[in-house]
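For reference, positions follow the sequence shown, starting with 1.
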Amino acid sequence: MFCSFHLVGTHEVDENEILDLIANPPVPGKVYSNAVTALARVAAERDDVGGEFVEPLERLLNRPSVKTEIALRALRHVASNDPESVAEVHEDVVSCVEIDADDHAVNRAATGCSVELAYADSGLLMEYTPLFGSLLDSEDETVRRNCVYVLTCVAKEHPEEVLPAVDDVISSLDRHGDPDGSKSSLVGRISRHYPDATVEAVPVLQDILEGSGKKNTKKKAKVKANALGALADIAKEHPDEVVDSLERAEELLEHQDGTVRYNTCGLIEEVSKQKPREVENLSPKLIGGLDDDHQGVRLKTAFVLGEIKADDAVERLKELKDGDPSIEVRRLAEKAVWRIEEDV
C-alpha cells in the first residue's frame, strides 16, 4: 500500500500514516522513498502539513535509505507551510550544498529549500552568503537562480552581508547573463548602499544597455531598467566611471517601457549633478521628455534641464509650470525656470 502513495490524490493521503512510516524505522528503503515523495506532493498542495515532519526528514538527510534530494524537496514544501520549524534545521539543509558537485540534484533541492527559509527570515542565512555566491558559477541554471534569490532576500534587510559575494554576482552576470533581471536587481540593491562595491560591474551593466532592442519584451525591459538603476546609484560616487553609459541615453529616452525611460532619466540626473557638461548634448531629447506620460520622467527631466541651465527649455518649462496635471512637476518646472534665468 505504501508503495502506491503516488497513485492517489493528495487529499486522499493520510499524512499521519506517512509520519508514522518515516518516523519509525526500520522499513524497506523503497517504502521510505515513496513515503517521502508522497509527503513532498502533499505538502506542496496542502497547507496543513508542517513542523511535525521536520525532525524525521532531517534524520534522512545524507542517509542511504532515501535520496537526499527527495528529503530536501519534502523539507522545502514543509517550509513553505511552516518555515519556523524548518529554520531549526537550516544548518543541516545548507550542509548538503556541495560547491563542486557533479550531480546538481542535491544542490537544486538544498538551495530551493534555502529559498523558502530566506523568504521567511532574511537574516537566517546571512553567514552563508559566500557559499551561495560561489554557486552563482554553477552550470545548473536552477541552482544559480535559487542562490540569486537567497542573496536578494538577505540584501533587502542586510545589504552589508552580501558584500562578500559581490564579485561572484558580477562574474555570474558577465558569464551567464541575466535572463530574468534578478542579478541586475541584486547588483542594484547592493549599489544603492555600497556603490564602491559595485564599480566593477559597470562594463557588464553597460553591455546590458547595448542589447538589441528589436524584441523589447517585458523581461528585457526589466533587465535594462535594473541596469540603469544600478548605474545611477554608482554614478552618485563615481560619475566618471559611468559617463560612457550616456551614449545609449538618447535611444533609451524613447524606449517603450516607462520604467526604462524613468531610470534613464535617473542616470542622467545623477551624472548632471556632478558633470552637467556631459549631459548638455541631450537637451533636445530631454525637452521632449517633458511631454512624457510618465510623471516621474517629467519630474527628473525638469530637474536635469534646470541643472544644466538649458536656455532652450525655458518656454516649454514655463508651459509645464502652468499646465502640468502634477503639482510636483509644476513646482519643479518653476524651480528649473528660476535656476536657468537666474543662473543659479
Side-chain angles (χ1 to χ4, degrees), residues 1-121 124-125 128 131-132 135 138-150:
M1 174 181 178
F2 299 123
C3 293
S4 303
F5 273 133
H6 65 286
L7 300 177
V8 299
T10 57
H11 290 282
E12 300 175 48
V13 174
D14 184 350
E15 67 273 17
N16 293 319
E17 191 174 1
I18 298 177
L19 180 60
D20 288 340
L21 263 179
I22 64 176
N24 295 290
V27 293
K30 183 66 174 177
V31 175
Y32 254 137
S33 181
N34 283 347
V36 176
T37 300
L39 173 61
R41 291 177 54 237
V42 172
E45 297 184 22
R46 287 164 47 181
D47 59 10
D48 60 340
V49 178
E52 66 272 18
F53 289 94
V54 172
E55 184 178 348
L57 285 172
E58 185 267 339
R59 289 202 303 266
L60 293 176
L61 296 178
N62 297 313
R63 298 292 178 85
S65 49
V66 175
K67 287 185 177 180
T68 294
E69 63 264 30
I70 296 176
L72 285 166
R73 284 202 300 269
L75 273 172
R76 177 178 188 172
H77 292 305
V78 171
S80 67
N81 296 333
D82 189 357
E84 291 184 2
S85 294
V86 182
E88 295 179 4
V89 298
H90 73 275
E91 293 180 353
D92 299 286
V93 172
V94 176
S95 70
C96 294
V97 174
E98 294 184 29
I99 296 177
D100 298 317
D102 294 324
D103 182 359
H104 300 294
V106 172
N107 277 354
R108 282 195 295 267
T111 57
C113 189
S114 298
V115 164
E116 300 295 338
L117 297 175
Y119 179 78
D121 181 356
L124 189 65
L125 302 178
Y128 302 105
L131 172 64
F132 290 109
L135 286 173
S138 170
E139 295 300 325
D140 188 90
E141 182 180 354
T142 300
V143 172
R144 296 197 304 270
R145 184 170 60 247
N146 288 343
C147 290
V148 170
Y149 191 90
V150 170

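When all heavy atoms of Val94 and Leu125 are compared, the pair lying nearest together is CG2-CD2, 4.0 Å. Closest approach of Val106 and Cys96 over heavy atoms only: CG1-O, 3.4 Å. Residues Glu69 and Ala109 approach most closely at O-CB, 3.7 Å, considering heavy atoms. Shown here for Glu98 and Leu135, the closest heavy-atom pair between the two residues is O-CD2, 4.0 Å. Heavy atoms only, all atoms of each residue included: Cys147 and Phe132 are closest at CB-O, 3.5 Å. Minimum interatomic distance between Val115 and Arg76 (heavy atoms only, all atoms of both residues): CG1-NH2, 4.0 Å.
No option in Val150, Asn146, Val148 other than Asn146 meets the side-chain contact (heavy atoms from CB on, under 4.5 Å) test with Thr111. Between Val54 and the options Val86, Asp82, Asp92, a side-chain contact (heavy atoms from CB on, under 4.5 Å) holds for only Val86.
Using a 4.5 Å heavy-atom cutoff, the side chains of Glu116 and Ser80 are in contact.
For the atom pair CG of Leu124 and CD of Glu84, the computed distance is 10.5 Å after rounding to the nearest 0.5 Å. Summarising the geometry, atom NE2 belonging to His90 is positioned 10.5 Å from atom OG belonging to Ser95; distances are rounded to the nearest 0.5 Å. Ile70 CD1 to Arg73 CZ: the interatomic distance, rounded to the nearest 0.5 Å, is 5.5 Å. Between the CD atom of Glu141 and the NE2 atom of His104 there is a distance of 12.0 Å, given to the nearest 0.5 Å. Considering CG of Leu72 and NE2 of His77, their distance stands at 11.5 Å, rounded to 0.5 Å.
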**OP:** With side-chain contact (heavy atoms from CB on, under 4.5 Å) as the test, would you mind laying out the steps for Leu61 and Leu75 before giving the verdict?
**Re:** CA-CA 10 Å; Leu61 296 178; Leu75 273 172; 4.3 Å; yes
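A side-chain donor-acceptor contact under 3.5 Å links Arg144 to the backbone of Ser138.
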